[in-house]
Each structure stands twice: as structure tokens, then as C-alpha cells.
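Here is the structure we will look at.
Basis for what follows: all heavy atoms, side chains included, without hydrogens, waters or symmetry-related copies. Since we're looking at a predicted model, the values are computed, not measured.
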Amino acid sequence: MHDPDCLFCKIVAGDIPCSKVYEDDEMIAFKDIRPAAPVHLLVVPKRHIPSMAQVTADDAPLLGRMMVKAPELAMANGCNPYPEGGFRIVVNTGAEGGQEVHHLHLHILGGPRPWRNG
Ligand code: 5GP
Ligand code: ZN
């Protein structure tokens, strides 16, 4: 599924450049263009799922693999080891959830404090 008007579908397709840190057949990860922390990555399924509000049981394996990939990407991209270091995983959902790009994505935030939004 691909939405021609979707920013992250265009990044997945390679039509808009990104600072890519990981890709496989079902997900891509790249640096957030406006980082809110020293490490700020986005993990994006290649399939266009608008948000967490639309996920179904069929998406559970994909979401599980994204969550399992997140700590590996966090450590490979500058987050410090648990427990002194660590990272935050955020999934904004809908306007009141702070979602601006309506293609599901995990934010991975980490690195030394302070961060832009605490
Ligand atoms: P949301 O608010 O939807 O959870 O997060 C969207 C994120 O996408 C924001 O943190 C924003 O900085 C990031 N973003 C928006 N446009 C682009 C872009 O063209 N490239 C990259 N790498 N990140 C983007
Ligand atoms: Zn999309």
C-alpha cells in the first residue's frame, strides 16, 4: 500500500532523500530532520499504515519486529547503554496525540540530557 500524497511513502520510495540508518524489506529507519534529542530516529513501516489507530492483529508481527529493532538502532546510532543511558520510544497518534505525518512511525529519542522538549 502506497499513498502518493504521503511524505513517508515518498521517503520509502526514495523520491525524497533521507539520512537512512537501516532498511529491510518491511521497514526503514532514518534521522529526524528536526531532532528533539541528540539521537532522534524514525522507524517507519514501508507499508502505508496511517497511525496506531488503524493497526490490526495482522500488524502485530511487523510492529513486534519494529520494537525489537528499535534498541539495536538506538545503540548503533549513539544512545548510551542501559541503565545510565537508554532511550525513549514514542508513537504520536492523531492530532491530539501530536501526530503530524500520518504514516505510522516510532520515534527513538536518546543521548545526553537536556533534550528540546524535556
Ligand atoms: P509526528 O509529529 O508525526 O509524530 O512526527 C513527524 C516527524 O517527522 C517530526 O519529528 C518531523 O521533524 C519529522 N519530519 C518531517 N518531515 C521530515 C522529512 O522530510 N524528513 C525527515 N527525516 N523527517 C521529517
Ligand atoms: Zn505513507
Side-chain angles (χ1 to χ4, degrees):
M1 204 158 50
H2 176 93
D3 178 343
D5 298 323
C6 170
L7 174 65
F8 286 175
C9 281
K10 290 177 187 169
I11 288 179
V12 166
D15 295 338
I16 291 176
C18 70
S19 184
K20 183 163 49 182
V21 300
Y22 177 76
E23 180 173 13
D24 63 25
D25 59 346
E26 62 184 356
M27 71 183 90
I28 183 171
F30 51 87
K31 294 182 181 174
D32 196 292
I33 206 166
R34 191 166 173 264
V39 179
H40 190 171
L41 305 176
L42 301 173
V43 184
V44 178
K46 289 189 169 178
R47 185 159 54 87
H48 181 85
I49 303 169
S51 82
M52 284 298 290
Q54 286 79 29
V55 300
T56 70
D58 289 345
D59 299 316
L62 168 64
L63 294 169
R65 286 191 286 270
M66 289 170 61
M67 289 297 277
V68 168
K69 185 56 69 175
E72 178 189 324
L73 295 174
M75 301 316 296
N77 287 279
C79 291
N80 294 310
Y82 178 91
E84 292 81 7
F87 50 86
R88 176 183 291 173
I89 296 173
V90 175
V91 189
N92 297 326
T93 304
E96 292 182 350
Q99 185 178 12
E100 293 178 358
V101 177
H102 290 263
H103 179 134
L104 179 67
H105 51 282
L106 310 184
H107 293 256
I108 302 173
L109 300 134
R113 301 277 180 159
W115 298 352
R116 177 150 56 84
N117 295 322

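Summarising the geometry of Cys79 relative to Gly86, their closest heavy-atom pair is CB-O, 3.7 Å, with the distance given to 0.1 Å. The minimum heavy-atom distance linking Gly110 with Trp115 is given by the pair CA-CZ2, 3.4 Å. The shortest non-hydrogen separation linking Thr93 to Ser51 is CG2-OG, 3.7 Å. Of all the heavy atoms in His48 and Cys9, the pair that sits closest is ND1-SG, 3.5 Å. Of all heavy-atom pairs spanning Pro45 and His103, the tightest one is O-NE2, 2.7 Å.
Cluster annotation: Val101 is connected to Ile28 through the hydrophobic network of ILVMFWY side chains, with a link wherever side-chain heavy atoms come within less than 4.5 Å. Residues Leu63 and Val44 are members of separate hydrophobic clusters, defined by side-chain heavy-atom contacts under 4.5 angstrom among Ile, Leu, Val, Met, Phe, Trp and Tyr. Transitive grouping of hydrophobic side chains (ILVMFWY, heavy atoms separated by less than 4.5 Å) keeps Val12 and Leu62 in distinct clusters.
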Which is it for Asn77 and Ile108 under the side chain to side chain contact (heavy atoms under 4.5 Å, CB included) test, yes or no, and what are the steps along the way?
-> CA-CA 10 Å; Asn77 287 279; Ile108 302 173; over 6 Å; no

Under the side chain to side chain contact (heavy atoms under 4.5 Å, CB included) rule, what do Asp59 and Arg47 come out as? Steps first, then yes or no, please.
-> CA-CA 10 Å; Asp59 299 316; Arg47 185 159 54 87; 2.6 Å; yes

Output, in order, the C-alpha distance, side-chain angles, deciding distance and verdict of side chain to side chain contact (heavy atoms under 4.5 Å, CB included) for Lys31 and Val21.
-> CA-CA 7 Å; Lys31 294 182 181 174; Val21 300; 4.0 Å; yes

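Between Arg116 and Arg34, some side-chain heavy-atom pair lies under the 4.5 Å cut-off. When side chains are defined from C-beta on, Gln54 does not count as touching Leu104, because their heavy atoms never get closer than 4.5 Å. Side chains of Leu106 and Met67 form a contact here, defined as non-hydrogen atoms less than 4.5 Å apart. Within the 4.5 Å cutoff, no side-chain heavy atoms of His102 are placed close to those of Cys6.
The line from CZ of Phe30 to CD1 of Ile11 is 4.0 Å long, rounded to the nearest 0.5 Å. For the atom pair Lys10 NZ and Asp3 CG, the distance stands at 8.5 Å (nearest 0.5 Å).
For Tyr22, the side-chain contact (heavy atoms from CB on, under 4.5 Å) partners are Asp24, Met27, Ala29, Lys69, Leu73, not counting sequence neighbours.
Between the side chain of His2 and the backbone N or O of Lys46, no donor-acceptor pair lies under 3.5 Å.
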Under 3.5 Å, which donor-acceptor pairs link side chains of residues 36-43 to any protein atom two or more places apart or in another chain?
unit_1: His40; atom_1: ND1; unit_2: Ala36; atom_2: N; d: 2.9
unit_1: His40; atom_1: NE2; unit_2: Asp32; atom_2: OD2; d: 3.4
unit_1: His40; atom_1: NE2; unit_2: His107; atom_2: ND1; d: 2.8

